[in-house]
Amino acid sequence: MFCYQCQEAAKGTGCQIKGVCGKDEEVARLQDLLIYTLKGLAEIVVKGNLEIENLNEINHEVIKSLFITITNANFDKTAIEKQIEKMLGFRNELKKRIAEIPLGDATYFEVTGTTSMLEKASKAGVLATENEDIRSLRELVIYGIKGMAAYAHHALNLGKENRDIYTFIYEALAATLDDALSVDELITLTLKTGEFGVKTMALLDEANTSKYGNPEITHVNIGVGKNPGILISGHDLTDLEQLLEQTKGTDVDIYTHSEMLPAHYYPFFKKYENFIGNYGHSWWKQLEEFETFNGPILFTTNCIVPPKNEKVRDRIFTSGASGYPGCIHIEANQDGKKDFSPLIEMAKKCKAPIEIETGSIVGGFAHAQVLALADKVIDAVKSGAIKKFIVMAGCDGRMKAREYYTEFAQKLPTDTIILTAGCAKYRYNKLALGDIDGIPRILDAGQCNDSYSLAVIALKLKEVFGLEDVNQLPIVYNIAWYEQKAVIVLLALLYLGVKNIHLGPTLPAFLSPNVAKVLVETFGIAGIDTAEEDIQFFMA
Ligand code: FSO
Ligand code: SF4
């Protein structure tokens, strides 16, 4: 196996024996083969000029497949094998619809059973591209579209889709097989990936807010109640909605975990009396937190940490693109409805969660809420009460180096405001950083996809201050990344013209020295230093 798609890639270069995330060799290879299958399917769609609007189910399964291969989402070999078989079936069906034209290996290879899948996968992985710059750019695009697919999948679950996004995904997948593309053409494709990243995040924002309302300032309880609970993790709000509906009026409480925290900010979910609060920290602390939670846990997406304790594993359920061997997967029926009764019945027999902290955290500062406060914010900037906004969106992770983000937040001058989104916030969202004229010093917009909100806020401020360029605003970017959704957020920001983004705790292993050089020279991308030095740099 060889995988270097996330920030925790072994030795900063790539996982080769087993993933730091817990992904084993077979899962890694099957994921490679699933991606290769999608590339073949995409080549048929693109070269055969197939109409995207006639490919409904296939479009949906393509984005689901991409989502399955995101870091920490799915460790279930059987589920991945089934997905490969399904996508090969679609690929072969599409091939019959087009004229005979020259096509590559990905469009016609056949495999039967695990052994032949694994064998084929060994020739279809990342290292199959020999030139390291081409490989680097191809993977940058693939990781970007994985993140895009995850967001498109959430939007789809809410009934929103945009065929242009699917068209781009096919184009990008097929382009990664095209040996005729030059480095420059691949760089252009990378920026176009960012453009579609913006479109996808806007689509998801529309899907979320049209159904659940605009996030608003909310204090979220981090303590526990007396009833047994179900803990819901991941990012899918439609799963949460169904779970709340199915537990309404029962003695089973619902708690959010990690990236599900921002659900509390949406007006829609406030009517559920059993929606108690948020339990725990970001994803990587889950094993200890699941022990003390005592009740069933539902993963709607990543980030899953392989459970060591069987008793905990028996309480874990998955849905959507996520999966773990030995855990029950809740499938949606034809109408997208999921039956969460196995979790609810289990919860009734469990003890209430053990309280691990008390108090509350505040959030809900997505674009509508911040723009509602715009006058106050603008006055504070004009009076000098706010000197700088620091965008610290992104992901958390287990590396010790991430303590930097807590230290950085703590040491920032008191005339700065942190704008955040994603699970990166858990490194500082429980610190008492105070407020500036009533504006909290940490403004949490929501999940990682809500980084879109931060871009909307920046563009609005640019307009209000009559500036030509977003980079003239007193906003700086110190982003933490972990997996591929952060890659699409980064590409989206680059597309919007944001320069000098600092990215940490380490730069991606998949950037070859030459590709990294382009990013540094064109966009001013930089890594992180010590908290003190970086603060000095940002405040200058
Ligand atoms: Fe975090 Fe995991 Fe949201 Fe990611 S929980 S790391 S970028 O899945 O998607 O921020
Ligand atoms: Fe390694 Fe990250 Fe790939 Fe897992 S996803 S195998 S940790 S690079």
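Counting starts at 1 for both ligands and their atoms, in listed order. From a predicted model like this one, the values you see are computed outputs, not experimental measurements.
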Visitor: Students should be able to answer this: which protein heavy-atom is nearest to atom 8 (S) of ligand 2, and at what distance?
Guide: C3 O, 3.3 Å

Visitor: Counting only heavy atoms closer than 4.0 Å, does ligand 2 sit against the backbone of K23, its side chain, both, or neither?
Guide: side chain

Visitor: Among all protein heavy atoms, pick the one closest to atom 2 (Fe) of ligand 2 and tell me residue, atom and distance.
Guide: C6 SG, 2.3 Å

Visitor: Would you mind reporting whether I442 and Y428 have side-chain heavy atoms less than 4.5 Å apart?
Guide: yes

Visitor: Would you mind checking if E331 and K338 are paired as a salt bridge, meaning a charged N to carboxylate O distance below 4.0 Å?
Guide: no

Visitor: Give a yes/no verdict on a cation-pi contact between K199 and F196, requiring under 6.0 Å between NZ or CZ and the six-membered ring centre and an angle within 45° of the axis.
Guide: yes

Visitor: Going by the angle between their ring planes, with limits at 30° and 60°, are F269 and Y266 parallel, tilted or perpendicular?
Guide: perpendicular

Visitor: Between K23 and N72, do the side chains contain an N or O donor and an N or O acceptor separated by less than 3.5 Å?
Guide: no

Visitor: Could you confirm whether C15 has any N/O/S atom lying under 2.8 Å from atom 1 (Fe) of ligand 2?
Guide: yes

Visitor: Which atoms of ligand 2 have any heavy atom of T71 under 4.0 Å away?
Guide: 5 (S)

Visitor: In terms of relative ring orientation, are H264 and F275 parallel, tilted or perpendicular, with 30° and 60° separating the classes?
Guide: parallel

Visitor: I need the atoms of ligand 2 closer than 4.0 Å to a non-hydrogen atom of A9, numbered in the order shown.
Guide: 8 (S)

Visitor: Which residue supplies the protein heavy atom nearest to atom 9 (O) of ligand 1, what is that atom called, and how far is it?
Guide: H235 NE2, 2.8 Å

Visitor: Check the orientation of H367 and Y452. Use parallel for under 30°, tilted for 30 to 60°, and perpendicular for over 60°.
Guide: perpendicular

Visitor: Would you check if M1 and D32 make a side-chain contact, meaning some heavy-atom pair closer than 4.5 Å?
Guide: no

Visitor: What atoms of ligand 2 come closer than 4.0 angstrom to any heavy atom of C21?
Guide: 4 (Fe), 5 (S), 6 (S), 7 (S)

Visitor: Let's test this: below 2.8 Å, count the protein N/O/S atoms around atom 1 (Fe) of ligand 1.
Guide: 1

Visitor: Can you tell me the protein heavy atom closest to atom 6 (S) of ligand 2 and the distance?
Guide: G19 CA, 3.4 Å

Visitor: Check E25 with R29, please: is the shortest side-chain N to carboxylate O separation under 4.0 Å?
Guide: yes

Visitor: When you compare the side chain of Y324 with that of H329, does any pair of heavy atoms fall below 4.5 Å?
Guide: no

